[in-house]
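Written below as structure tokens is the structure these notes are about.
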There are 2 protein chains.
Amino acid sequence: MEHGNVSDEERDAALKLENQLCFAVYACSREMTKLYHPLLKEIGLTYTQYVTMLALWEKDQVTVKELGARLYLDSGTLTPLLKKLESMGLITRSRHKADERSVIIALTKQGTEMKEKAREIPAKLYGQSGISLEEIHSLRQRITELLTKVQQP
Amino acid sequence: MEHGNVSDEERDAALKLENQLCFAVYACSREMTKLYHPLLKEIGLTYTQYVTMLALWEKDQVTVKELGARLYLDSGTLTPLLKKLESMGLITRSRHKADERSVIIALTKQGTEMKEKAREIPAKLYGQSGISLEEIHSLRQRITELLTKVQQP
DNA sequence: CGCAATTAAATTGTATAAAATTTAAAAGGT
DNA sequence: ACCTTTTAAATTTTATACAATTTAATTGCG
């Protein structure tokens with residue numbers, strides 16, 4: 001037997017997949033995203049494109065930097081994604097006049113109108129999830145709390 | 001005003017990022033994975049490679065199918081990942097003798113030995129997360145429950 | 001047996017992710 | 001004004017993810 005605080009058995013238990021919070025979150029994220037696939041296919045968006053549009057429907061005319069902060073994504077992911085949304089006619093990308101380093105993202109008429117088509121998605125998803133609204137709300141709050149704790153500076 | 005059960009305002013609220021459980025889980029998963037990066041770099045694994053090794057340390061001599069079921073990953077992701085682990089000398093890939101369709105994944109001596117180097121990772125991560133063990137346990141249980149509810153057949 | 005249906009991996013194509021580096025612009029101190 | 005530092009995007013590289021399809025082996029049914 002070990003004489004330290006933590007035994008080999010305890011360290012072994014910590015290495016089990018079923019004991020890992022991060023793995024549960026990781027697997028859950030991918031499975032939930034798959035639920036969106038058939039609904040998002042109808043409006044021609046991927047999940048990441050969808051959350052980017054959600055952010056822009058709340059507030060557009062923002063820099064890539066600000067958008068990235070809200071989505072927890074950096075320019076390495078956003079630049080090609082935004083170019084794709086631009087080629088689909090949903091957004092425009094233009095250099096900020098006062099600061100040429102920044103790129104301003106704005107919704108086009110078509111991009112704004114897509115919100116109407118997206119309105120039914122959350123309710124449809126809720127319907128097929130089989131989870132109560134209370135459970136969703138409380139779990140979302142706790143995971144958001146966790147997110148603020150683990151987010152990097 | 002709408003006469004139905006759900007108003008436009010309520011549907012708009014559902015489209016806000018901060019109200020989306022899936023987005024919270026998605027962002028949280030990526031931020032937590034980033035915490036692992038410096039620790040995993042020391043032993044030369046990515047996060048997905050790490051969870052694959054975790055699964056194999058619990059039980060190896062398994063098919064790609066079984067491994068995929070435990071990791072919620074399909075052959076499209078696992079095949080290249082397992083080829084990489086094989087090229088690193090951590091596992092072997094061999095066709096099952098009784099059923100040539102299946103591929104059996106087994107740990108090499110080097111792959112088994114890596115477990116020793118990984119033992120300290122969960123505790124180190126817990127240390128830098130600033131979350132209590134109780135919170136981790138209860139949250140993991142609830143997310144695992146959610147995972148079983150949203151997992152596709 | 002003979003063959004249609006099923007199954008397990010692998011492959012193909014598209015889209016993320018993120019670390020690390022590069023480029024260009026702006027800020028700030030001297 | 002000059003130059004070092006900082007900052008915002010973009011680029012490069014590597015590694016996932018996954019839908020959809022293909023390939024090859026096995027099953028199961030008449």
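Letters A, B, ... are given to chains in the order of the sequence lines, protein chains preceding strands, and every chain is numbered from 1. Values below: all heavy atoms of this structure, side chains included; hydrogens, waters and symmetry mates excluded.
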Under 4.0 Å: is that the gap between some side-chain N or O of B/Tyr26 and OP1 or OP2 of C/dA17? yes
Picking from C/dA8, C/dA10, C/dT16, which would you name as closest to the side chain of A/Leu81? C/dT16
So, is A/Lys83 near the phosphate of D/dT11, with a side-chain N or O under 4.0 Å from OP1 or OP2? yes
Hey, can you pull the residues of residues 37-46 of chain A with a non-hydrogen atom under 4.0 angstrom from DNA chain C? A/Thr46
For A/Ser102, report the nucleic acid contact type (base, sugar-phosphate, nothing); a contact means any heavy atom under 4.0 Å. sugar-phosphate
Can you tell me which nucleotide in C/dT7, D/dA10, C/dT11 comes closest to the side chain of B/Arg101? C/dT7
Is it true that A/Glu42 and A/Lys117 make a salt bridge, defined as a side-chain N closer than 4.0 Å to a carboxylate O? no
What nucleotide among D/dT11, C/dA26, C/dA10 has an atom nearest to a side-chain atom of A/Thr79? D/dT11
When all nucleic acid strands are considered with a 4.0 Å heavy-atom cut-off, which category describes B/Leu78: base, sugar-phosphate, or nothing? nothing
Out of C/dT16, C/dA8, C/dA25, which nucleotide sits closest to the side chain of A/Gln49? C/dT16
Side chain of B/Thr48: nearest nucleotide among D/dT16, D/dT11, C/dA10? D/dT16
When all nucleic acid strands are considered with a 4.0 Å heavy-atom cut-off, which category describes B/Ala27: base, sugar-phosphate, or nothing? nothing
Can you check whether B/Tyr26 and A/Tyr72 have ring centres sitting under 6.0 Å from each other? no
A/Thr33 near the nucleic acid: base, sugar-phosphate alone, or nothing, with a heavy-atom cut-off under 4.0 Å? nothing
Test A/Ser29 against B/Arg30 for side-chain hydrogen bond (donor to acceptor under 3.5 Å, both in side chains), laying out the working first. CA-CA 9 Å; A/Ser29 171; B/Arg30 288 183 291 106; over 6 Å; no
Give a yes/no answer on whether the side chain of A/Arg30 brings an N or O atom under 4.0 Å of OP1 or OP2 in C/dT16. no
Give a yes/no answer on whether the side chain of A/Lys65 brings an N or O atom under 4.0 Å of OP1 or OP2 in D/dT7. no
Winner on side-chain proximity to B/Val103, out of D/dA25, D/dA17, C/dA9, is C/dA9
